[in-house]
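Note that the numbering runs from 1 along the sequence shown for the chain.
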Amino acid sequence: MTMIRVFVLLFVVATCQYFALGNTDFTRATNWFQSFKTASSLSFLAMSNCVLPQVDISSLSHSNSSSNSLTDLSIVTSFVHPTTVPWLLNISTSLVNLSLSDSDIKGTLPNSFENMRYLKKIALSANEFEGGIPKSLGNLCSLKFLWLEINKFNTTLDDVFKSLNGCARNSLYIMDLSKNNLRGSFPDDSNTFPTRLQYLSIFDNHLEGPILTNLSVLSDLRVLFANNNRFNGTIPESIGELQYLEDFDFSDNDFSGLVSEVHFRKLSNLKELYLSRNMLTVKFDPAWVPPFDLFSVKLMSCKLGPQFPSWLRNQTNISILDIENSEIDDVIPDWFSNHASKLLNLKLVMNQIHGSIPHYLSSVPVLYLSSNRFVTIKDFVCQAVSDKTEVLDVSNNLLFGSLPDYWGNMKSLKLLMLNDNNFSGGIPSSMGFLNKIQYLNLRHNNLSGALPSSMNNCAYLQFLDLEDNSLEGEIPTWMGEGLTNLFILGLKSNKFYGSIPSNLCHIRSIQILDLSMNALSGDIPSCINNFTHMMDNSTQKMVFTHWFVIKRRSEYQFRDLELLKLIDLSSNKLSGQIPEELTNLVELVQLNLSRNHLYGTIPREIGKMSNLQALDFSNNNLSGTIPTSFEKLSFLANLDLSNNKFSGRIPTTTQLLTFNASSFIGNIGLCGNPLPNSCSKSNSHHSTNINDSVVNGGKEWFDMSWLKMGFGAGVGVGFAGVSGYFLFNISWKLAFFQFLNIVKLVLHG
């Protein structure tokens with residue numbers, strides 16, 4: 001913005017009562033602060049995406065603050081110079097609401113609040129404030145709302161309360177200190193606590209030790225978030241005295257011991273109960289009738305079993321229920337059908353729940369039942385009472401027999417996981433009616449026959465895993481015509497034969513392609529360079545946004561995380577040469593062409609694939625010399641060129657010298673380090689032949705059981721790139737498991 005426009009703005013400010021501006025840089029403006037401070041009519045000032053530079057102190061000497069009536073100051077998503085903050089805090093003694101959020105403010109919070117006696121709300125969220133809380137805040141007798149979350153405050157919680165131990169102690173209603181670096185234990189001096197506090201959020205800090213034994217001193221408390229810390233000991237029974245408490249979250253701590261009726265004796269207003277990932281036993285008398293009616297329950301990894309918790313019977317409004325890994329060894333009781341119509345998300349993963357999957361659960365949109373002992377799903381699919389189900393995970397159970405052929409009843413399904421069961425027979429054609437499906441996992445079953453052509457209708461499919469079955473026939477050409485949104489395709493370990501159809505090249509978004517361990521023959525299609533997402537650093541991401549939950553206490557944001565880009569065509573009957581076009585896939589991270597019948601040389605431009613971290617061309621009939629362009633593969637951590645017909649000297653590039661002899665053995669004409677045979681003059685000159693190239697073979701380091709884990713408990717977006725060293729030593733399977741965990745966090749929060 002030009003200087004003239006800035007001066008015009010400052011003039012307008014001086015004459016307005018309400019003023020909002022954005023995308024303004026005051027770096028070159030003079031006396032800009034004084035213009036705001038002396039604007040006598042101004043009562044509301046809002047700025048966004050602005051730059052507020054350091055204030056010239058000399059320009060403030062004649063400021064007349066008594067003429068300023070500003071009550072509301074809001075500056076968000078801007079850049080505010082740290083030295084400007086004390087002056088902003090004194091811009092008006094009439095301020096009631098102050099917001100300086102998400103403005104990249106660093107350093108300590110100035111102790112400059114002494115003249116702000118009318119201040120009711122302070123919002124300093126999402127900056128980089130550090131240190132402690134200034135004591136002048138404690139003297140703000142009108143202060144009711146204090147939002148300091150997502151900063152770097154690194155004091156103790158005890159010091160925070162002591163800093164507020166003035167008249168603010170009797171006025172403060174809401175205090176949010178979440179996502180900081182607070183340390184130490186929960187204060188044991190109840191006399192320092194704000195007496196009227198209704199909302200306290202301290203989650204995601206470094207707090208430890210036991211929670212205050214006498215929580216009843218916080219008698220007005222409605223919300224208490226203390227999750228993601230290191231609190232330990234037992235949960236105090238005094239929490240049961242907080243009669244106004246609506247929501248408390250103690251998840252992801254080290255609490256242990258028993259939680260019983262006494263912890264809830266007066267909690268008639270409780271709506272959300274979160275105790276997941278602690279070492280707690282939740283045990284109630286079977287005849288106990290809770291005083292509350294919960295909306296959301298998350299008790300993952302708490303011991304609830306072996307019986308299905310009977311106290312849930314009296315909860316009439318539960319929408320979210322997570323009792324994963326709770327040692328339940330029981331059937332789903334009949335009375336649970338009364339909850340189905342209101343449930344939005346049900347998670348019973350990793351228990352020993354058995355019997356059939358009740359058909360009434362088909363009215364639950366998001367349903368995770370994996371890792372139990374269910375034996376049949378037929379009634380659930382065939383008698384589906386609605387088409388509401390969007391997520392169905394019944395992986396890793398004891399399901400057997402043929403797949404039901406009534407999937408047309410579940411037209412809203414976006415995610416289906418039937419993997420790691422004992423299903424047999426063919427894939428039913430009715431799966432082609434799942435025209436909204438985005439994720440389909442059928443791996444590790446006994447499925448046979450050809451892929452039904454009806455699946456051509458699954459145009460939104462992004463993830464398809466059919467690994468480790470007995471499927472056969474040619475890879476259908478319609479797959480490259482109808483499933484053009486795929487970014488992960490896993491057909492490993494089946495009985496597919498014939499050539500790789502060139503139609504697959506139409507799937508430009510593909511980033512993980514695994515056709516290994518089949519009986520595929522013919523050439524590698526030269527159109528492989530149509531995989532555009534392997535040619536640039538753009539990423540494809542799954543769009544499971546429908547189940548993405550924004551919590552009241554924290555907001556998870558999508559980020560474009562770099563996905564691993566991989567091709568595995570190993571253990572087939574492929575012949576011909578490696579196409580030159582392959583080297584255009586410059587973003588490829590892993591490439592495995594081992595155990596085929598490939599011949600000829602490797603394209604001399606293989607060095608263009610500078611992101612390769614793992615390369616396996618072993619057990620083929622490749623010949624020629626190893627190209628010197630390998631020196632450009634600086635990230636390569638796993639290389640296997642064994643058991644081919646390579647000749648000449650191994651190039652003495654820094655990169656190739658990092659590998660041992662096992663990467664090169666089984667090539668009679670190959671010589672030089674790290675092989676024990678030295679090169680003679682007759683063969684050493686071949687090492688400079690840049691037209692030849694290399695491949696790897698030998699031991700099977702390339703563990704491509706990359707979808708074995710499934711999603712277990714969730715799907716979503718992203719995989720952060722991993723180093724080649726990690727891939728080499730821990731295998732791709734575990735690398736992909738990181739991707740699954742990121743997805744899980746996005747979906748489940």
Side-chain angles (χ1 to χ4, degrees), residues 222-225 227 239-240 245-251 259-261 263-278 280 282-305 307-328 330-351 353 357-370 372 380 385-386 388-393 546-553 713-714 747-749:
R222 268 76 168 169
V223 175
L224 175 58
F225 296 139
N227 49 301
I239 198 170
L245 194 63
E246 298 176 7
D247 189 353
F248 78 91
D249 190 344
F250 286 172
S251 302
V259 175
S260 65
E261 299 92 336
H263 290 86
F264 304 95
R265 56 183 177 270
K266 294 183 181 179
L267 303 189
S268 58
N269 293 296
L270 193 65
K271 299 300 179 187
E272 299 185 2
L273 172 61
Y274 300 142
L275 298 174
S276 293
R277 292 176 291 273
N278 283 286
L280 294 167
V282 180
K283 186 176 182 180
F284 303 128
D285 187 290
W288 179 63
V289 178
F292 48 73
D293 195 1
L294 297 174
F295 168 80
S296 181
V297 182
K298 294 186 179 182
L299 301 175
M300 176 184 176
S301 298
C302 294
K303 184 177 180 181
L304 304 178
Q307 282 76 39
F308 201 91
S310 59
W311 59 273
L312 291 172
R313 185 171 192 164
N314 303 100
Q315 304 301 295
T316 61
N317 289 301
I318 290 184
S319 293
I320 299 172
L321 177 60
D322 178 359
I323 48 177
E324 175 182 345
N325 190 26
S326 297
E327 300 187 18
I328 298 173
D330 200 356
V331 297
I332 297 177
D334 292 339
W335 54 258
F336 198 70
S337 61
N338 298 326
H339 297 295
S341 62
K342 297 221 176 146
L343 275 170
L344 299 176
N345 190 316
L346 176 62
K347 189 176 176 185
L348 304 178
V349 176
M350 292 181 66
N351 284 288
I353 302 174
I357 299 174
H359 67 86
Y360 56 76
L361 290 183
S362 64
S363 64
V364 181
V366 180
L367 190 59
Y368 293 104
L369 304 176
S370 65
N372 280 285
F380 176 90
V385 296
S386 72
K388 292 182 179 179
T389 306
E390 300 179 10
V391 174
L392 175 60
D393 179 3
H546 190 82
W547 317 292
F548 182 59
V549 178
I550 302 294
K551 294 185 177 181
R552 284 189 293 163
R553 59 192 178 281
L747 276 186
H748 296 293

Practice item. Indicate the ring-plane relationship of F284 and W311, choosing parallel, tilted or perpendicular according to the 30° and 60° boundaries. Key: perpendicular
State, with a plain yes or no, whether a side-chain heavy atom of [X] is found less than 4.5 Å away from one of [Y].
X	Y	value
F380	L369	no
S260	D285	no
W335	L312	yes
I332	L361	yes
L344	V366	no
F250	L280	no
L343	I318	yes
K298	I320	yes

Rounded to the nearest 0.5 Å, what's the gap from [atom1] on [X] to [atom2] on [Y]? Could you check?
X	Y	atom1	atom2	answer
L294	N317	CG	CG	9.5 Å
K342	L321	NZ	CG	14.5 Å
S341	K388	OG	NZ	7.5 Å
S319	L346	OG	CG	11.5 Å
Y360	H339	OH	NE2	9.0 Å
F248	L273	CZ	CG	5.0 Å

Can you check whether [Y]'s main-chain N or O pairs, donor with acceptor, with [X]'s side chain at less than 3.5 Å?
X	Y	result
S301	R277	no
N351	E327	yes
N269	L267	no
D293	T316	yes
D249	N227	no
S326	L304	no
E261	V289	no
E324	K347	no

Check your understanding: So, for C302 and L275, which heavy atoms are closest and what is the spacing to 0.1 Å?
Key -> SG-O, 3.3 Å
Exercise for review: Check step by step if side chain to side chain contact (heavy atoms under 4.5 Å, CB included) holds for V331 and F308.
Suggested key: CA-CA 7 Å; V331 297; F308 201 91; over 6 Å; no
Check your understanding: In terms of side-chain heavy atoms, does S296 have a donor or acceptor partner in Y274 at a distance below 3.5 Å?
Key -> yes
Practice item. Evaluate side chain to side chain contact (heavy atoms under 4.5 Å, CB included) for K271 paired with F292, printing each intermediate quantity in order. Key: CA-CA 7 Å; K271 299 300 179 187; F292 48 73; over 6 Å; no
